[in-house]
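Okay, structure first, notes after.
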Amino acid sequence: MLKNEIQSILDSSREAGWVLEPDAKSLLQVAGLPVPRYGWAKDMEAVGTIASEIGYPVAAKVVSPAVVHKTEVQGVALEINSKEELQDFYRKMSLLPEFAGILIEEMLEGEELIVGATIDHQFGPIVLLGIGGTAVEIYKDVALRMAPLAPEDVSSMLQELKGGKLLSGYRGKEPINFSALTDTLLSFSDLLMRITPFIESIDLNPLLCNAQGCVVADARIMLVNQEENN
Amino acid sequence: MDLTPLFLPKSVVVIGVSSSNDRHPANVIFSKNLLRYPVRTYAVNPKGGVLHGEKVFPSISAVPEQVDLAVVVVRAEYVASVLQECIDAGVKSAIVISGGFSESGHDDLQAGLVDIAALHDFPFIGPNCLGLYSPGSVDTFFLPTERMVQPSQGDVAIVSQSGGILVDLLVKFADEGVGISSGISIGNKALIRERHLLEFLASDSRTRVIVFYIEGFAQNEGRDFVYIARDCGKPVIVIKAGKTSEGGRAVSSHTASLAGDYQVFTSVLKQHDIIEACNEHELVSYCEALSCYPDTRIDGRIGIITGSGGHGAMAVDACISNGLSVPGFSESVRQQLQEGFSKSIRSIAAVGNPVDLTGSALERDFVTAVETLNTISEVDCILLLLLPYLPGISSDLGASISQVCRRSGKPLVAYVPHVEKYRMLIEGFELNQVPVASSIESAVNMTRVLKRCRPC
């Protein structure tokens, strides 16, 4: 059954209709998915402490139940190298509606993939794997499968991606760690099967993959509208 | 629910025949079964009387046997009580032709039928459907026989949400010489749904290939369907309508935007080894190929034999663009081919892939080429492009090549122009379970489907 931590995160996110990113990261971590080292700075004092624990450079993102699309409000800052820069970002963000702090994470590099989930009317939970990043809806290079996934589904999804070649060592780059990617997708499918009734869709975008492994750099979990039930 | 009495009835009662209008759907169904099918056929109308010299019974309870199948053609508001009478009289199944249920907003009337049937474990198809056409067994379509184009008895079963599409598909199957075991129009599918028919057809010994025309599944129903289809042991082909959706949905995530209904549909089918036909032409080709080779799966290494270089070149293009390969032959294969050919073509035939026997080829050159490709490991399927107007070949070639094929394990697909004067050549293949296409494109479709799944 659902681990208590997962259930309580879903319960506390119901009002907003989606799971705030720090909560999403912690939910994914409980489910065995790889997430970056991160901290949620809820006041100015915490900013420096968290960042020095993680080690510069860091990435920072606004946390607010009113901001689903962070990039649209310039709510993401990458490659931050100092406490001053970070505090400056914090101050700017604090002007946004329902500001609830900033999320500070280690900077990571890798190929950008997208892993997602949706609940299809006819077929139920569906997993998506694609070439990720902000242009994902332009190239539409994605593969879809009904969950739960079997390991052979993961390999056939990778074969289906036109950009799959970019992952297996294109032009001298090191190939990504496919076994880590498979594990990530299987854990994700497993989580999805357990939380299907609660969710509308999930985007892990990007999932950063390199020769060492995969990390969920950004996560958006949208919940079903349960107003009718209340 | 046992669907056997529904699919293979020994006796049929048509409820709702008219004494005044012989074009009434019930009368058409009654007459065709009475005159043309090996079923004991009864008619029911509360007024009684005589129809085509046969007694009309005033109610189902007056019919002198426990009937296998009732065909119900009365007004919507009477259907529930008729079903109850059928159940009371020991009838084993029903097809409800009548409309006027959910399709016109009367959900309550439809729910009433389901309640009665479910309570008594009584199988019925419909309402608002044509029912079942099973060549040589039974026909509940209310279309006069002389107006229908009927495919012969064969081993493809077609299940369709739309009656119109089903009748139209039967025309195309008849045209291409593909026989069917049964065609079922399921209408509103109130009780018996796609999954029930899939389960029945999977164990139906007359059916080797199962086709579904699907507009959409109810919530989560697709999930059950694909699992049953994957495990049923027979090729399942789906043709989907409603691939496009109008207007954009407001979506809050990339995934929701990228996983549109049809994108999910087509991916999930492929994931579960279900074949999707993009259009009716593909569907007919797939059915013809798979009814000959239901258990065959190829990697898709095609050996092409032709009597014309142009046909060979077009076939190569079509193979490659469909994800099939046309591998070259080793020197020893080339030599083996050449040595087997008759003197007249030995120096002019091309012994690569395609093997071009030229317009001077004799009948035995075609047989030799097929025999040779059957023995080599480079190819796992043979595409034979036959030009029946070449002077060196006769109408017997179909049968003689089919015999070679039956001895070896490799599937062969032939192309022969489909005109009446080549009928004997075509039948020489088809009667021996070798599929024959009417165009190069459909021949390639036939080979491609042996490789199974491919998204549209």
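These numbers were taken from a predicted model, which means no experiment stands behind them. Chain identifiers are assigned alphabetically (A, B, ...) following the order of the sequence lines, protein sequences preceding nucleic acid strands; residue numbering begins at 1 within each chain.
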Heavy-atom contact with chain B under 4.5 Å, split by part of A:N205
side chain
Heavy atoms of A:I202 and B:T255 approach each other most closely as O-OG1, 3.2 Å
For a quick test of reading the model, state the closest non-hydrogen atom pair linking B:Y227 to A:A147 and the distance between them.
OH-O, 4.2 Å
Contact part of A:A150 toward chain B, heavy-atom cut-off under 4.5 Å: side chain, backbone, both or neither?
neither
Return yes if some donor-acceptor pair links the side-chain N/O of A:D203 with the main-chain N/O of B:H254 below 3.5 Å, else return no.
yes
Greater than 12 external heavy atoms within 6.0 Å of A:E106's CD:
yes
Can you tell me how far OG1 of A:T118 sits from CD of B:Q263, rounded to the nearest 0.5 angstrom?
11.5 Å
Verdict with supporting geometry, A:F123 and B:F265, ring pair (Phe, Tyr, Trp, His ring centres under 6.0 Å)
CA-CA 8 Å; A:F123 298 101; B:F265 191 97; 5.7 Å; yes
Is the shortest side-chain heavy-atom distance between A:V136 and B:L258 below 4.5 Å?
yes
Looking at every heavy atom in both A:L144 and B:A259, which two are closest together, and how far apart are they?
CD2-CB, 3.7 Å
Specify the closest pair of heavy atoms between A:H121 and B:A218, including all atoms of both residues, with the distance to one decimal.
NE2-C, 4.0 Å
So, the part of B:E221 with a heavy atom under 4.5 Å from chain A: the answer is backbone
Measuring from atom CD of A:E160 to atom OG of B:S267, what distance do you get when rounded to the nearest 0.5 angstrom?
5.5 Å
Quick check on B:H196: does its NE2 atom have over 12 non-hydrogen neighbours (other residues, nucleotides or ligands) under 6.0 Å away?
yes
So, the side chain of A:Q122 versus the backbone of B:F217: is there a donor-acceptor pair under 3.5 Å, distance only?
yes
If you count heavy-atom pairs under 4.5 Å between each of A:M146, A:E152, A:R145 and chain B, which one has the most?
A:M146
